[in-house]
Novice: 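After the structure tokens below, expect a handful of questions from me.
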Amino acid sequence: MSITTEAVHAALKQIIDPNTRKDYLSTRSARNIRIDGADVSLDIELGYPARSQIDAIRRCVIDGLRTIPGIGNVSANVASGIVAHTVQRGLKPLPGVKNIIAIASGKGGVGKSTTAVNLALALAQEGATVGLLDADIYGPSQPQMLGLAGRRPESSDGVSMDPLLAHGLQAMSIGFMIDIDSPMVWRGPMVTQALEQLLKQTNWQDVDYLLVDMPPGTGDTQLTLSQKVPVTGAVIVTTPQDIALIDARKGLKMFEKVGIPILGLVENMSIHICSQCGHEEHIFGHGGGEQMCRDYDTEFLGALPLELSIRELTDAGTPTVVGAPDSRAASIYRTIARRLAVKVAERARDMSARFPNIVVQNT
């Protein structure tokens with residue numbers, strides 16, 4: 001019995017991707033469908049990294065296709081294909097970088113830098129090539145968090161810098177170039193110039209996602225990022241506390257005004273679980289982040305617990321995702337990272353590289 005293309009398509013419509021929450025046919029993830037009598041083979045191209053789920057997705061697709069009456073052998077190849085996506089009008093993606101994601105907060109103290117480094121590490125664990133730029137010029141923390149304190153970047157040409165490597169990440173920070181006790185007593189123009197140099201004079205190597213750990217607030221650095229840096233989207237980090245949410249709303253509105261899409265919101269320190277008795281308590285309030293997402297029609301990417309181990313591991317230079325990969329918190333970081341990558345994949349693709357530059361000259 002020969003299998004029809006219509007039957008394969010109908011089966012694929014019933015198979016839901018666990019991360020996009022959509023079927024593989026409507027998302028055009030199913031490609032190169034080949035039918036040979038009763039045998040079927042195809043490729044599933046994911047627009048996001050999912051190394052830990054490749055086998056499970058392959059089994060799910062094969063099981064779904066085997067529901068077709070009379071089906072023979074089924075072969076499915078599952079792989080990720082991460083591409084560059086659109087940025088602000090008038091800007092093009094940075095050479096060597098496909099997608100830039102700003103990790104921001106309206107105020108300090110909400111765990112933005114800890115969230116940024118763990119999301120970057122989670123994306124790398126899922127198979128992406130990831131860079132992390134520490135854009136907090138006044139208070140760089142990523143050198144300590146990545147175990148790179150005291151290290152200096154090298155330059156082969158005296159102009160550009162090679163990023164430092166840690167736990168599979170490419171990293172750059174102003175903290176690599178100054179003494180740990182030296183305060184950055186700089187005015188706004190110097191800060192924005194330093195940010196541009198760190199970003200554009202670093203030799204990023206085929207980075208799928210460059211996460212930018214932004215300073216808190218809505219000042220010069222954020223304005224420079226929105227006007228001169230090709231950003232795919234932004235993630236807002238907050239806590240459930242009303243005071244934090246007030247500032248988080250300002251940060252969200254700031255990105256909207258400058259034309260940078262909000263990919264979602266992460267609620268940090270959502271719940272505290274006592275390490276002694278297991279009692280759960282919402283120290284900073286409950287449900288604030290989800291309500292904010294409903295108010296602004298953006299996605300709630302996930303909630304992270306308030307745990308002592310997260311702080312201890314990050315201070316030691318081995319953030320949770322690499323320091324305790326089997327922990328509940330690491331699993332949450334990976335889930336948020338995959339969903340973040342899905343939100344990027346849903347953006348329109350950047351097509352600028354496909355069109356040649358046209359130069360009109362008088363002859």
Side-chain angles (χ1 to χ4, degrees), residues 94 97 100-121 130-153 161 163-164 166-167 169-202 204 207 209-229 231 233-239 244 247-248 250-252 254-255 258 260 263 265-266 268-269 304 310-311 314-315 317 319:
L94 196 70
V97 179
I100 297 179
I101 303 171
I103 309 297
S105 66
K107 69 186 298 295
V110 299
K112 168 187 52 60
S113 294
T114 301
T115 301
V117 70
N118 275 290
L119 290 181
L121 291 167
V130 184
L132 181 63
L133 174 66
D134 190 352
D136 193 346
I137 304 298
Y138 294 119
S141 55
Q142 295 301 345
Q144 177 71 29
M145 291 183 171
L146 289 171
L148 295 172
R151 296 276 303 278
R152 297 287 186 270
M161 300 172 290
L164 296 183
H167 311 300
L169 293 183
Q170 301 176 35
M172 182 54 66
S173 170
I174 194 71
F176 295 148
M177 303 165 205
I178 61 171
D179 184 78
I180 191 171
D181 296 322
S182 298
M184 301 301 294
V185 188
W186 287 359
R187 294 189 183 275
M190 295 177 66
V191 172
T192 56
Q193 182 180 4
L195 173 60
E196 286 192 77
Q197 288 181 323
L198 288 174
L199 181 67
K200 297 179 179 180
Q201 294 181 9
T202 298
W204 305 108
V207 169
Y209 306 101
L210 176 62
L211 274 62
V212 181
D213 180 12
M214 299 291 295
T218 56
D220 288 335
T221 305
Q222 287 79 3
L223 189 60
T224 297
L225 191 84
S226 64
Q227 292 178 336
K228 299 182 179 181
V229 178
V231 180
V235 173
I236 304 297
V237 180
T238 185
T239 64
D247 292 327
K250 293 176 182 177
L252 185 149
M254 183 271 297
F255 281 113
V258 297
I260 295 177
L263 300 173
L265 181 142
V266 175
N268 198 26
M269 308 180 198
L304 290 157
I310 294 178
R311 192 273 302 168
T314 305
D315 284 352

Novice: Side chain to side chain contact (heavy atoms under 4.5 Å, CB included) for Leu169 and Leu121? Distances and angles first, verdict last.
Specialist: CA-CA 7 Å; Leu169 293 183; Leu121 291 167; 3.5 Å; yes

Novice: With a 4.5 Å heavy-atom cut-off, do Val258 and Gln227 have their side chains touching?
Specialist: no

Novice: When rounded to the nearest 0.5 angstrom, what distance separates OG1 in Thr115 from CD1 in Ile310?
Specialist: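 One finds 8.5 Å between OG1 of Thr115 and CD1 of Ile310.
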
Novice: Roughly how far, to the nearest 0.5 Å, is the CG atom of Leu252 from the OG atom of Ser105?
Specialist: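 Between Ser105 OG and Leu252 CG, I get 12.5 Å after rounding to 0.5 Å.
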
Novice: Go through the steps to decide whether Leu199 and Leu210 satisfy the test side chain to side chain contact (heavy atoms under 4.5 Å, CB included), and finish with yes or no.
Specialist: CA-CA 10 Å; Leu199 181 67; Leu210 176 62; 3.5 Å; yes

Novice: Measuring from Met177:CE to Arg152:CZ, what's the distance to the nearest 0.5 Å?
Specialist: 9.0 Å

Novice: Is the shortest side-chain heavy-atom distance between Leu304 and Met269 below 4.5 Å?
Specialist: no

Novice: Taking the side chain as everything from C-beta on, heavy atoms only, tell me whether Lys107 gets closer than 4.5 Å to Lys112.
Specialist: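 No, their side chains stay 4.5 Å or more apart.
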
Novice: Does Gln197 have more than 12 heavy atoms from other residues, nucleotides or ligands lying within 6.0 Å of its CD?
Specialist: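 Correct, the count exceeds 12.
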
Novice: Among Ile101, Asp213, Leu211, which residue meets the side-chain contact (heavy atoms from CB on, under 4.5 Å) test with Leu119?
Specialist: Leu211

Novice: First locate atom CG of Asp247, then atom OG1 of Thr238, and finally report the distance between them rounded to the nearest 0.5 Å.
Specialist: 8.5 Å

Novice: So do Val117 and Gln142 actually touch side chain to side chain, heavy atoms under 4.5 Å?
Specialist: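 Yes, close enough: below the 4.5 Å cut-off.
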
Novice: Any donor-acceptor pair under 3.5 Å linking the side chain of Gln144 with the backbone of Asp315?
Specialist: yes

Novice: Taking the side chain from His167 and the backbone from Gly147, do they hold a donor-acceptor pair closer than 3.5 Å?
Specialist: no

Novice: With a 4.5 Å cut-off on side-chain heavy atoms, are Leu133 and Leu195 touching?
Specialist: yes

Novice: Side chain to side chain contact (heavy atoms under 4.5 Å, CB included) between Val110 and Asn268: does it pass, once the steps are laid out?
Specialist: CA-CA 7 Å; Val110 299; Asn268 198 26; 5.6 Å; no

Novice: How far apart are the closest heavy atoms of Pro153 and Phe176, and which atoms are they?
Specialist: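 What the structure gives for the nearest pair is CD-CB, 3.6 Å.
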
Novice: Are any of the side-chain heavy atoms of Leu148 and Leu164 separated by less than 4.5 Å?
Specialist: yes

Novice: Looking at CH2 of Trp204 and CE of Met172, how far apart are the two atoms once the value is rounded to the nearest 0.5 Å?
Specialist: 6.0 Å

Novice: Could you tell me which non-hydrogen atom of Asp136 sits nearest to which non-hydrogen atom of Pro216, and how far apart they are?
Specialist: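 Answer, listing the atom of Asp136 first, then Pro216: OD2-CD, 4.0 Å.
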
Novice: For Phe255, which of Val231, Ile236, Val235 qualifies under side-chain contact (heavy atoms from CB on, under 4.5 Å)?
Specialist: Ile236

Novice: Taking all non-hydrogen atoms of both residues into account, name the closest pair between Ala120 and Leu132 and its distance.
Specialist: CB-CD1, 4.4 Å

Novice: With the side chain counted from C-beta on, respond yes when Leu198 and Asp134 share a heavy-atom pair under 4.5 Å apart, and no when they do not.
Specialist: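 When only atoms from C-beta onward are counted, Asp134 and Leu198 do not touch, as no gap falls below 4.5 Å.
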
Novice: May I ask you to test the Val212-Ile103 pair for a side-chain heavy-atom distance under 4.5 Å?
Specialist: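 No - every pair of side-chain heavy atoms lies 4.5 Å or more apart.
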
Novice: When rounded to the nearest 0.5 angstrom, what is the spacing between OG in Ser141 and CG in Leu146?
Specialist: 9.0 Å

